[in-house]
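Every chain is numbered from 1 and lettered A, B, ... according to where its sequence line falls, protein lines coming before strand lines.
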Amino acid sequence: MSGPFNAVYRLVRRVPHGRVSSYGDIAAMCAEEISPRTVGWAMSASPKDVPWHRIVNRRGRLTIGRRSVALLELQRSLLESEGVEFVHVDQVDMEKHRWTPRRVPQAVRKGRRS
DNA sequence: CGCTTGACAGGTC
DNA sequence: AGACCTGCCAAGC
């Protein structure tokens, strides 16, 4: 049971309560070469135990809502309930809440230095 | 099998 | 700053 999607899910499960990460950050931390788009696709099919709402775009925008406004509102309410602050109605404060792990699990770490 | 569609990102103008 | 282009890649048709 492996593959890019599961690697993505393992990483997203590590994003702590009250913190957020971006599609690009998750892709960069992933061991396999995947694109941010693939992370987005994985989120759209994520299992129940994956905190998909903690993944936003690079600037903190909630880029989910084009097809489902209800999902956008759900994401916003979930983040607000975790104490995440917003700089705009659809944009979280990345400076304060971006997840910046010192170490990513070896199995997931890609051979690159930031 | 080829074309379109995105829950993206980096660059140009 | 914001519109636009390109690379990206799994799914769906």
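Scanning for side chain to side chain donor-acceptor pair (under 3.5 Å) contacts around A:Arg58 gives an empty result, with sequence neighbours left out. Every residue meeting the side chain to side chain contact (heavy atoms under 4.5 Å, CB included) condition with A:Leu78, not counting sequence neighbours, appears here in chain and number order: A:Trp52, A:His53, A:Leu74. The side chain to side chain contact (heavy atoms under 4.5 Å, CB included) search around A:Trp41 returns A:Phe5, A:Ser44, not counting sequence neighbours. Partners of A:Glu73 under the salt bridge (charged side-chain N to carboxylate O under 4.0 Å, His left out) rule, at least two apart in sequence or in another chain, are A:Arg76. Scanning for side chain to side chain donor-acceptor pair (under 3.5 Å) contacts around A:Arg59 gives an empty result, with sequence neighbours left out. In this structure A:Arg19 satisfies the side chain to side chain donor-acceptor pair (under 3.5 Å) test with no other residue, sequence neighbours excluded. Applying the side chain to side chain donor-acceptor pair (under 3.5 Å) criterion to A:Asp93, with sequence neighbours excluded, gives no partner residue.
Contact of the A:Arg61 side chain with the A:Asp90 side chain is registered, since non-hydrogen atoms from C-beta on lie closer than 4.5 Å. Inter-residue side-chain proximity for A:Val39 and A:Leu11 is flagged as unmet; no heavy-atom pair is nearer than 4.5 Å. Two residues are said to be in side-chain contact when any heavy atoms from C-beta on lie closer than 4.5 Å; A:Ile26 and A:Met43 fail this criterion.
A heavy-atom distance below 4.0 Å to DNA chain B is reached by these residues of residues 19-26 of chain A, ordered by number: A:Ser22, A:Tyr23, A:Gly24. Residues from residues 49-63 of chain A that place a heavy atom under 4.0 Å from any atom of DNA chain B, listed by number: A:Trp52, A:Asn57, A:Arg58, A:Thr63. Shown for residues 81-89 of chain A: no residue has heavy atoms falling under 4.0 angstrom of DNA chain B.
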Across nucleotides 6-13 of chain C, 5' to 3', mark each nucleotide with B, S or - according to how protein heavy atoms within less than 4.0 Å reach it.
-BBSSS--
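Under the salt bridge (Lys or Arg N to Asp or Glu O under 4.0 Å) criterion, the residue pairs touching residues 38-55 of chain A are A:Arg13-A:Asp49, A:Arg54-A:Glu82, with sequence neighbours excluded.
Residue A:Tyr23 comes nearest to A:Pro36 through the heavy atom pair CB-O, 3.9 Å, listed as atom of the first residue, atom of the second, then distance.
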